Amino acid sequence: MRIITPFAITLFATTTLFSQTTMCFKENHNSMSTIESTKLNGGECRSTFNLNEMKEKGWSVDDIKITTKDSKYSFIYILKKGTVSTTLVAPNANLNEQQLEDKILKRLEDKKIQEEKEQKIEKILKSKIEGKEIYIKKCQSCHGEKGEKAAYNVGNALKDLSLDDIEHAIGQYTNRSDYGYGYNMLMKPIAANTTKAQLAKIKDYLNSINK
């Protein structure tokens, strides 16, 4: 008599991420601070959804490009969306247990990298918006709309200076009465009330509109 030994097949759930990409844009927009609540054209946005609504639908910002002309902003957003499907497979069918574990760990790592990228993009955009407000209030009247002017025709245009150069100049205006081509009295109060964090935001803003 032949004895049939029972055997068990262990199934593992594998998850596959299918990524969708779409490009949405907005041309000749008036304000950086309202773009996220403004309907975007093109792609899956279809002039119907704004960025916040697209995020609610599961889309995330993968990249962004901002250009400016005549005080108007143009935005191009690359958005991605992942849909998940789950399949049950035997470990010895295609992947062994270690390969499945490695795949899951890689997917988690990819998700973490994507989340960090989105946070970085949002942080940069926020910095540019805040930098614009600071620049208009403290700098634009003397240094021009895009930092293209050498104030009072002396020194260098702000757009051409590095952040280190700007920080150095602000420090000199604060600590030396003989610095600044005779315009120290004008710049000293501004320098004394402008932090390094604000200077970085101003530089982010100038970089974004002088590409």
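All values derive from a computational prediction rather than experimental measurement.
Annotation: side chain of Leu40 is not in contact with side chain of Arg46 (no heavy-atom distance under 4.5 Å). Under the 4.5 Å side-chain criterion, counting only non-hydrogen atoms from C-beta, His29 is not in contact with Lys72. Using a 4.5 Å cut-off on side-chain heavy atoms (C-beta onward), Glu53 and Lys39 make contact. With contacts defined as side-chain heavy-atom distances shorter than 4.5 Å, the pair Glu133/Lys137 does not qualify. Counting heavy atoms from C-beta outward, Asp178 and Asn184 have side chains that stay 4.5 Å or more apart. Annotation: side chain of Ile124 is not in contact with side chain of Ile121 (no heavy-atom distance under 4.5 Å). The shortest distance between side-chain heavy atoms of Met54 and Glu44 falls below 4.5 Å.
Cluster membership check: Met23 does not share its hydrophobic cluster with Tyr77, using side-chain heavy-atom separations under 4.5 Å among Ile, Leu, Val, Met, Phe, Trp and Tyr. Cluster annotation: Phe49 is not connected to Ile76 through the hydrophobic network of ILVMFWY side chains, with a link wherever side-chain heavy atoms come within less than 4.5 Å. Tyr181 and Leu186 fall within a single hydrophobic cluster, where Ile, Leu, Val, Met, Phe, Trp and Tyr are joined by side-chain heavy atoms under 4.5 Å apart, directly or via other members.
Judged purely by atom type and a 3.5 angstrom limit, Lys80 has no side-chain atom pairing as donor or acceptor with the backbone of Gln114. Thr194 places no side-chain N or O within donor-acceptor distance of the main-chain N or O of Ala191, the cut-off being under 3.5 Å.
Under a cut-off of 6.0 angstrom, the local environment of NZ in Lys149 is sparse, with at most 12 non-hydrogen atoms contributed by other residues, nucleotides or ligands.
Contact between Lys138 and Ile190 at its shortest, heavy atoms only, is O-CD1, 4.0 Å. Closest non-hydrogen pair, Tyr135 versus Glu145, comes out as CE2-O, 3.7 Å. Between Ala150 and Gly155 the shortest heavy-atom distance is CB-O, 3.7 Å. Ala192 and Thr174 make their closest contact through N-OG1, 4.0 Å (heavy atoms, listed as atom of the first residue, atom of the second, distance). Of all the heavy atoms in Leu79 and Cys24, the pair that sits closest is CD1-SG, 4.0 Å. In this structure, Ile134 and Ile202 approach most closely via the heavy-atom pair CG2-CD1, 3.6 Å.
Between Asn50 atom CG and Thr34 atom OG1 the span is 10.5 Å, to the nearest 0.5 Å. Note: Ser162 OG to His168 NE2 = 10.5 Å, rounded to the nearest 0.5 Å. In this structure, CD on Gln198 lies 9.5 Å from CD on Glu130, to the nearest 0.5 angstrom. Taken to the nearest 0.5 Å, the NZ atom of Lys132 stands 15.0 Å off from the CG atom of Asp204. For the atom pair CG of Asp165 and CG of Leu199, the computed distance is 12.0 Å after rounding to the nearest 0.5 Å. Atoms NZ and CG, on Lys201 and Leu163 in that order, are 13.0 Å from each other to the nearest 0.5 Å.
Just one of Lys55, Lys128, Lys117 meets the salt bridge (charged side-chain N to carboxylate O under 4.0 Å, His left out) condition when paired with Glu122; it is Lys55. Between Ile78 and the options Val61, Ile64, Asp63, a side chain to side chain contact (heavy atoms under 4.5 Å, CB included) holds for only Asp63.
No side-chain N or O of Lys26 forms a donor-acceptor pair with one of Ser74 less than 3.5 Å apart. Using a 3.5 Å distance cut-off with no hydrogens or angles, the side chains of Ser60 and Glu118 do pair a donor with an acceptor. Between the side chains of Ser47 and Asn41, at least one donor-acceptor pair of N or O atoms lies under 3.5 Å.
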Stepwise ring pair (Phe, Tyr, Trp, His ring centres under 6.0 Å) check, Tyr183 with Tyr152: CA-CA 9 Å; Tyr183 293 98; Tyr152 303 101; 4.4 Å; yes

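Checked against disulfide bond (SG atoms under 2.5 Å apart), Cys139 has no partners two or more places apart in sequence or in another chain.
Ring-plane geometry between Phe75 and Tyr73 is classed as tilted, the angle between the planes lying from 30 to 60 degrees on a 0 to 90 degree scale.
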